[in-house]
Amino acid sequence: MAETASQAAPAIAIRDAAAHVGRSVRLRGWLYNLRESGQLLFPIFRDGTGLMQGVVFKKTASPELFERVRQLTQESSLEVTGTLRAEPRAPGGYELDVQDLVVLQAVAAAEPYPITPKEHGIEFLMEHRHLWLRSQRQVAILRVRHEVIRAVREFFDEDGFTLADAPILTPAACEGTTTLFEVEYFDDKAYLTQSGQLYAEACALALGKTYCFGPTFRAEKSKTRRHLTEFWMVEPEVAFAELDDIMNLAERLVAHVVERVLARRRPELAVLGRDTAALEKVQLPFPRISYDDAVARVNAAGGAMQYGTDLGGGDETLLARQFDRPVLVHRYPAAVKAFYMQPDPVRPDLALCVDMLAPEGYGEIIGGSQRIHDLDLLRSRIAAQGLPEEAFRWYLDLRRFGSVPHGGFGMGIERVVAWLCGIEHVRETIPFPRTIYRIYP
RNA sequence: UCCUCAGUAGCUCAAUGGCAGAGCAUCCGGCUGUUAACCGGAGGGUUGUAGGUUCGAGUCCUACCUGAGGAGCCA
């Protein structure tokens, strides 16, 4: 009879509890924790949408039910039926009077769930990433990640962009600078993409405004809180766009993403303890400074930057700290930038490029530029970099057949998520991070 | 690739060169409103690996392995 009754109660999500107070409901999920006080049991359930404390009194429950709940082990999967009640003493403000509980799979007591509510080291957590994902904090981060991606797509889709994804397997280096992952491609070799940009340029000349969004791979042996070997990047590319257009697009995109996350994911930001006041300040326009000014500012703030070098991580932090919103740094020395960047007509030693640095020390979240549209200039740059022109034959075609000024940028999703969540390391912003010394699980 | 740090119970960590311990987790017992519950008890160890110094090494030395933080490079 109890089984029949439990089937009759509607299955609800914990996040919708408020709408079902006073009713008999069914939750499907896992045991998060169990506390015991003599004749009282307080199982806490989770279902992926939230936590719900249950309560079982020995006096009113059947001995079988009481014992079944008492024997529950952490993360056992279950279905529980009971009456939902507002309860100020329960975390979350609601409580379930448990009337029936069916264990779907019991976690063996001899081999308990490894991640306890206590603290753990990062090595242990990374080794158990597949289970760590179940924690409230990781769930909140992944929900913010989802919102960031949704906001990015929403922004471009509503702004006249067409999604056209670049290939992941590529025949050669896009930029020739970073180290690539090599894979077997039948009897040949191929490489995992390090950027979809060159392909996005071809798409921009077909579609006008386009973006690609996919995984990106860097075999660099970077070992910092800002690096993964596999990460997700969104890369818009726009025909007839010049540097100012690129900067306008970049700041509008970031402002939109921040606005959406604030509008839709405040509960998750609260779980993460994120100070949303800092995010509220991210309003248009963003400050724009030249590379020259950036060097002066960094050095005035105690840095020791040589003119002509790229900004290091510490330099970025010194600079970004001076602003309450992301800052756009434009016109770097061409010598330290990629071969395809259009030179500044006023100062040809500078590239028409821009990096966006996130506040609070989160570093570069966007890198972009106006591309060289002149065939001869591009050929000379490819030669100067010692790159094989044959590999770029199709790319040069774009400058032979109706070339126009164009540009775009790449935005690293994980860095944006880390910034918005206020977390230390990008490895927590992707379900299964790939870093130099970890490819498990 | 370079620099720094770490590795002791399932987890988080202690232990002057001198008997390898605590808290949590697990198991048993107690408690009718717990909030990472609390209280009592039990089980649980090749101290990352291999050498070396020493009467004696978790501790000191060498090499290696694994991981973390940072640099460079990048988003």
Side-chain angles (χ1 to χ4, degrees), chain A residues 32-44 51 53-61 66 70-71 73-75 87-93 95 97 107-128 131-132 135-136 174-175 177-179 194-197 215-235 250 309-317 336-338 355-358 362-368 409-419 424-427 429-430 435-438 440:
Chain A
Y32 181 75
N33 198 7
L34 175 64
R35 284 191 293 269
E36 187 180 349
S37 179
Q39 311 293 298
L40 276 169
L41 298 176
F42 294 103
I44 298 181
L51 296 181
Q53 176 167 290
V55 63
V56 184
F57 286 80
K58 191 166 196 174
K59 209 169 194 176
T60 54
F66 189 86
R70 201 179 71 83
Q71 295 288 330
T73 44
Q74 193 191 354
E75 286 301 314
E87 172 55 75
R89 288 173 295 187
E95 193 170 71
D97 281 319
V107 173
E111 194 186 353
Y113 187 70
I115 302 178
T116 68
K118 289 280 182 179
E119 64 197 58
H120 300 283
I122 190 64
E123 182 180 353
F124 180 80
L125 289 171
M126 291 295 284
E127 194 69 16
H128 295 86
L131 302 177
W132 186 24
S135 75
Q136 296 304 103
C174 289
E175 303 185 11
T177 51
T178 44
T179 317
Q194 58 171 329
S195 167
Q197 181 207 312
T216 305
F217 306 88
R218 303 277 167 91
E220 293 287 346
K221 296 193 172 178
S222 299
K223 194 166 160 40
T224 80
R225 73 188 68 184
R226 300 185 305 279
H227 289 89
L228 299 171
T229 55
E230 177 181 321
F231 63 98
W232 284 67
M233 187 157 68
V234 60
E235 295 173 278
T309 62
D310 216 334
L311 276 75
D315 302 325
E316 287 181 354
T317 303
V336 299
K337 287 293 179 180
D355 284 354
M356 187 188 291
L357 308 180
Y362 282 93
E364 186 181 344
I365 52 172
I366 281 179
F409 60 83
M411 183 172 83
I413 294 298
E414 288 75 17
R415 286 189 183 177
V416 171
V417 175
W419 163 46
E424 272 296 300
H425 202 298
V426 292
R427 67 185 157 214
T429 65
I430 187 168
T435 59
I436 172 169
Y437 292 125
R438 178 170 295 282
Y440 176 93

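In what follows, chains are A, B, ... by sequence order, proteins preceding strands, each numbered from 1. What you are looking at is a predicted structure, and each value in this text was computed from that prediction instead of being measured. Side-chain atoms are counted along with the backbone in the values below, which use heavy atoms only and exclude waters and symmetry mates.
Counting distance only, with no hydrogens placed and no angle test, the side-chain atoms of A:E95 and the base atoms of B:G33 include a donor-acceptor pair under 3.5 Å. Taking 3.5 Å as the limit, the base of B:C74 and the side chain of A:S222 contain no donor-acceptor pair of atoms between them. Within 3.5 Å, no donor on the side chain of A:E111 pairs with an acceptor on the base of B:U26, nor the reverse. One donor-acceptor pair, N or O on each side, does fall under 3.5 Å between the base of B:C74 and the side chain of A:H227.
Remark: B:C31 base-pairs with no nucleotide in the shown strands. Criterion, Watson-Crick or G-U wobble with two distances under 3.5 Å. When Watson-Crick and G-U wobble pairs are counted only if both distances are under 3.5 Å, B:U66 pairs with B:A6. Across every strand in view, B:G21 sits in a pair with B:C13 that passes the Watson-Crick or G-U test at under 3.5 angstrom. Base pairing of B:A36 is not made with any nucleotide, judged by Watson-Crick or G-U wobble geometry with both donor-acceptor distances under 3.5 Å. With a 3.5 Å ceiling on both atom-pair distances, the Watson-Crick or G-U wobble partner of B:A71 is B:U1. The base-pairing partner of B:U47, taking Watson-Crick or G-U wobble contacts with both distances under 3.5 Å, does not exist among the strands shown. Remark: B:U54 base-pairs with no nucleotide in the shown strands. Criterion, Watson-Crick or G-U wobble with two distances under 3.5 Å. B:U26: Watson-Crick or G-U partner is B:A42, with both key distances under 3.5 Å.
A:R89 and A:Q53 are not linked by any side-chain donor-acceptor pair at a separation below 3.5 angstrom, with hydrogens and angles left out of the test. Residues A:T429 and A:H425 bring no donor and acceptor atom of their side chains to less than 3.5 Å of each other. Inspection of the A:T116 and A:Q74 side chains reveals no N or O donor paired with an N or O acceptor under 3.5 Å.
Between B:G69 and A:H425, a contact under 4.0 Å exists linking OP1 or OP2 to a side-chain N or O. In this structure, A:K221 reaches the B:U1 phosphate: one of its side-chain N or O atoms is under 4.0 Å from OP1 or OP2. One finds no side-chain N or O of A:R70 lying less than 4.0 angstrom from the OP1 or OP2 phosphate oxygen of B:C28. Taking side-chain N and O atoms only, A:K118 has no distance below 4.0 Å to OP1 or OP2 of B:G23.
Ring geometry for A:H128 versus A:F124: interplanar angle of 30 to 60°, hence tilted.
Taking atom CD1 of A:I122 as the reference point, atom P of B:G70 lies 12 Å away to the nearest angstrom. Taking atom CZ on A:R226 and atom C1' on B:C73, their separation rounds to 10 Å, with Å as the unit. For the pair A:E75 CD and B:C11 P, the computed distance is 18 Å after rounding to whole Å. As a whole-Å value, the separation of A:F124 CZ from B:G48 P is 18 Å. We find that CG of A:L41 is positioned 11 Å from C1' of B:U32, with the value rounded to whole Å. Rounded to a whole Å, the NE2 atom of A:H120 is 15 Å from the P atom of B:A36. Regarding A:L228, its CG atom lies at a distance of 14 Å from the P atom of B:A75, rounded to whole Å. A:E119 has its CD atom 14 Å from the C1' atom of B:A14, to the nearest Å.
Here the separation of B:G69 from B:G51, taken at their P atoms, is 32 Å to the nearest Å.
Atom NZ of A:K58 and atom OG of A:S37 lie 12.5 Å apart (nearest 0.5 Å).
Within 4.0 Å of A:Q74, counting heavy atoms only, lies no atom of the nucleic acid at all.
The listed nucleotides are B:U34, B:A75, B:A68; the one nearest the side chain of A:R427 is B:A68.
Note on A:R438 versus A:E127: salt bridge recorded, some NZ/NE/NH1/NH2 to OD/OE distance being below 4.0 Å.
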